S.K.: 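Quick one: the structure is below, and I'll ask about it shortly.
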Number of protein chains: 2
Amino acid sequence: MNAPVANAQAKMLNATPIAFPCSSAPVTRVTQVQTYAGGKEIYTPGEKSGTFYEVEFGAVRLHRLLSDGRRQVIGFYLAGETFGFEADRTHAFFAEAIVPTGLRSFSQPGSGDDILKLALRGMLRAQEHLAVIGRQTAVERIAGFLLDMANRQGNLDHFDLPMSRLDIADYLGLTIETVSRVFAKLRASNLIKLQSVRCVQIQDFKALASLCA
Amino acid sequence: MNAPVANAQAKMLNATPIAFPCSSAPVTRVTQVQTYAGGKEIYTPGEKSGTFYEVEFGAVRLHRLLSDGRRQVIGFYLAGETFGFEADRTHAFFAEAIVPTGLRSFSQPGSGDDILKLALRGMLRAQEHLAVIGRQTAVERIAGFLLDMANRQGNLDHFDLPMSRLDIADYLGLTIETVSRVFAKLRASNLIKLQSVRCVQIQDFKALASLCA
DNA sequence: CGCTGAATTGAAAATCTTCAAGTCTAGTGG
DNA sequence: CCACTAGACTTGAAGATTTTCAATTCAGCG
């Protein structure tokens with residue numbers, strides 16, 4: 001198995017979040033790391049917000065449920081990325097660990113500057129998401145998604161896809177079957193290679209980028 | 001003709017932006033109102049940002065161009081709404097007046113609190129946009145779009161659509177023909193009524209909302 | 001070794017896009 | 001006042017893409 005990053009702590013399972021102190025405080029007071037098993041909820045809609053989380057390792061998914069039972073994935077957060085502050089005093093989404101995940105939480109954001117920087121980054125991310133799913137075809141969306149994921153993991157030769165195909169589908173506004181078929185097509189065209197189902201190697205960056213319009 | 005709001009100043013045309021002083025300063029220093037004819041550029045990508053704009057009347061569109069010539073509309077801003085600060089020091093999008101429009105500009109945002117509030121509101125709007133175009137079918141997207149527009153114009157019985165069908169299409173990731181057909185279908189089902197091409201009356205709020213999943 | 005959930009694949013049906021005519025409407029000029 | 005025009009909008013039909021439903025295949029785990 002080749003997954004390079006996200007499964008590093010795969011052995012640490014089923015633990016309800018356990019807090020433990022942690023030294024290197026980057027921005028503010030309450031600094032601790034909690035670990036979550038894959039699939040564990042971090043918060044739910046309606047809970048009061050005000051706490052931020054930085055992903056130490058693993059991956060987090062934000063989503064919401066539509067009234068017909070479908071699910072919309074709002075975003076993914078990888079190691080080093082921050083989430084948890086939303087526009088309201090109250091959370092609008094579900095946050096879940098996708099794989100075993102460590103989160104550093106900040107119950108008091110530092111200066112107004114810090115929180116502003118985070119808000120702007122959050123907006124940038126939302127705009128990038130918009131840019132990807134505003135495209136018309138499934139191939140364009142998935143190519144854009146893969147490039148974004150590669151970029152966020154340092155443009156390594158190969159990288160993890162910690163989320164399931166269904167997560168990707170719900171993120172891109174497609175069905176799981178379409179996602180699967182587009183992956184197959186990209187692989188058949190030698191644009192990507194799947195080292196395993198959830199580990200992608202981009203073989204032709206330029207060609208992939210040209211698909212994103 | 002029935003357009004209630006956006007064309008109030010339709011007679012004021014072709015003016016290159018003209019600045020004139022204005023008294024009621026809501027937040028900060030440099031306060032003035034500029035008017036733009038429909039179709040006039042407000043700023044372009046690459047310009048340095050730092051100035052905010054509040055729409056006094058009219059409507060503004062943010063968009064960007066894809067490499068294949070297609071256009072993505074990032075958002076619409078109606079009277080009372082604020083735009084212009086983006087994640088970077090530099091604008092990432094085109095901003096254009098859709099109809100004759102008056103903008104109050106703030107070259108120095110007030111306190112950090114003010115700018116943060118605006119950033120959070122901007123993020124909320126981006127998330128709502130995501131929620132709308134993340135849906136799978138054209139009917140769902142347009143129903144969601146109409147409800148959003150109605151909501152932003154005070155849930156009046158009828159409201160303006162200052163933007164063209166093409167603008168709507170580029171906003172929702174659809175073609176102009178699909179937008180037109182869905183409007184026709186909604187009208188045929190008595191969910192909406194078109195008082196004119198760009199003035200919508202929602203006849204069945206609940207039914208429309210139920211289409212949004 | 002056989003589960004079980006995830007992922008892939010196939011075929012038919014539904015939806016959307018594309019291309020090609022129209023139609024409508026506001027603005028112009030006779 | 002009325003035609004005329006240009007641009008926006010609508011509508012039709014064919015083709016392409018995507019979804020849906022169903023059946024396999026695959027991978028990790030007891």
Side-chain angles (χ1 to χ4, degrees), chain A residues 1-3 6-7 10-11 13-14 37-39 61 68-71 98-100 133-143 160-170 172-188 192 194-200 211 213, chain B residues 1-3 6-7 10-14 37-39 61 68-71 98-100 133-143 160-170 172-188 192-200 211 213:
Chain A
M1 211 287 220
N2 279 17
N7 291 330
K11 282 294 146 55
L13 286 177
N14 300 97
R61 170 188 66 225
D68 66 350
R70 277 181 306 174
R71 200 184 56 157
I98 301 178
V99 292
I133 74 173
R135 301 180 195 291
Q136 283 177 342
T137 76
V139 169
E140 290 170 2
R141 291 188 204 172
I142 290 184
D160 269 336
L161 246 31
M163 67 294 287
S164 70
R165 297 291 190 264
L166 183 58
D167 286 331
I168 299 173
D170 290 344
L172 297 177
L174 300 169
T175 61
I176 182 175
E177 292 96 336
T178 300
V179 171
S180 192
R181 276 185 254 269
V182 171
F183 269 76
K185 191 191 284 187
L186 293 177
R187 197 182 40 186
I192 66 172
L194 295 180
Q195 306 213 346
S196 74
V197 173
R198 302 218 183 162
C199 183
V200 179
L211 290 181
Chain B
M1 212 287 221
N2 280 18
N7 291 332
K11 283 294 145 56
M12 177 200 55
L13 286 179
N14 299 93
R61 171 188 66 225
D68 66 350
R70 279 180 305 173
R71 199 184 56 156
I98 302 179
V99 291
I133 74 172
R135 301 181 196 289
Q136 283 177 339
T137 75
V139 169
E140 290 169 1
R141 289 188 205 172
I142 291 186
D160 270 335
L161 245 32
M163 67 295 286
S164 71
R165 297 290 191 264
L166 183 59
D167 287 333
I168 298 173
D170 290 343
L172 297 177
L174 300 170
T175 62
I176 183 175
E177 293 96 335
T178 300
V179 171
S180 191
R181 278 185 252 269
V182 171
F183 270 76
K185 190 192 282 189
L186 293 177
R187 198 181 42 187
I192 66 172
K193 202 167 182 174
L194 295 181
Q195 306 212 346
S196 74
V197 173
R198 301 216 184 163
C199 184
V200 179
L211 289 181

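Quick caveat: nothing in here was measured; it's all calculated off a predicted structure. Convention: sequence-line order gives letters A, B, ...; per-chain numbering from 1.
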S.K.: Given atom CD of B:Gln195 and atom P of D:dC9, what is their separation to the nearest angstrom?
M.R.: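 One finds 17 Å between P of D:dC9 and CD of B:Gln195, rounded.
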S.K.: List in numerical order all residues of residues 174-181 of chain B for which some heavy atom is under 4.0 Å away from an atom belonging to DNA chain D.
M.R.: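 B:Glu177, B:Ser180, B:Arg181 - these, ordered by number, are the residues of the stretch whose heavy atoms sit under 4.0 Å from the strand.
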S.K.: Over how many whole Å does the gap from B:Lys185 atom NZ to D:dG12 atom P extend?
M.R.: 14 Å
S.K.: Within a strict 4.5 Å, meaning less than it, do heavy atoms of the B:Leu174 and B:Ile142 side chains meet?
M.R.: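 Counting from C-beta outward, B:Leu174 and B:Ile142 do come under 4.5 Å.
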S.K.: In whole angstrom, what separates B:Ile168's CD1 from C:dC16's C1'?
M.R.: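 Atom CD1 in B:Ile168 sits about 17 Å away from atom C1' in C:dC16.
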S.K.: If the condition is salt bridge (Lys or Arg N to Asp or Glu O under 4.0 Å), which residues does B:Arg71 pass it with, not counting sequence neighbours?
M.R.: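 Partners of B:Arg71 under the salt bridge (Lys or Arg N to Asp or Glu O under 4.0 Å) test: B:Asp167, B:Asp170.
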S.K.: Go nucleotide by nucleotide along DNA chain C from the 5' end; which of A:Arg187 and B:Val182 gets its closest nucleotide reached first?
M.R.: A:Arg187
S.K.: Under the 3.5 angstrom rule, does the side chain of A:Arg198 hit a backbone N or O of A:Pro162 as a donor-acceptor pair?
M.R.: yes
S.K.: In this structure, how many angstroms lie between the C1' atom of C:dC16 and the CD1 atom of B:Ile133, rounded?
M.R.: 16 Å
S.K.: Tell me the interatomic distance from B:Leu194, atom CG, to D:dA8, atom C1', rounded to whole angstroms.
M.R.: 14 Å
S.K.: Nearest of C:dT8, D:dT10, D:dT11 to any side-chain atom of B:Arg165?
M.R.: D:dT10
S.K.: Side chain to side chain contact (heavy atoms under 4.5 Å, CB included) with B:Arg181: which residues, sequence neighbours excluded?
M.R.: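 Applying side chain to side chain contact (heavy atoms under 4.5 Å, CB included) to B:Arg181 gives B:Glu177.
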S.K.: Side-chain contact, heavy-atom cut-off 4.5 Å: B:Leu186 with B:Leu211?
M.R.: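 With C-beta onward as the side chain, the pair touches.
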S.K.: Using whole Å, report how far CD of B:Gln136 lies from P of C:dA14.
M.R.: 16 Å
S.K.: Without decimals, in angstroms, what is the distance between B:Phe183 CZ and D:dT11 C1'?
M.R.: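 Rounding to the nearest Å, CZ of B:Phe183 and C1' of D:dT11 are 16 Å apart.
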S.K.: Check side-chain hydrogen bond (donor to acceptor under 3.5 Å, both in side chains) between A:Thr178 and all other residues, then give those that pass, not counting sequence neighbours.
M.R.: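 Partners of A:Thr178 under the side-chain hydrogen bond (donor to acceptor under 3.5 Å, both in side chains) test: A:Thr175.
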S.K.: Please state how far atom CG in A:Leu186 lies from atom C1' in C:dT8, giving the value in whole angstrom units.
M.R.: 15 Å
S.K.: Tell me every residue that passes side-chain hydrogen bond (donor to acceptor under 3.5 Å, both in side chains) with A:Arg70, counting only those two or more places apart in sequence or in another chain.
M.R.: A:Asp68, B:Gln136, B:Glu140
S.K.: With respect to the phosphate group of D:dC9, does any side-chain polar atom (N or O) of B:Arg198 fall under 4.0 Å of OP1 or OP2?
M.R.: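 Affirmative; the distance criterion is met.
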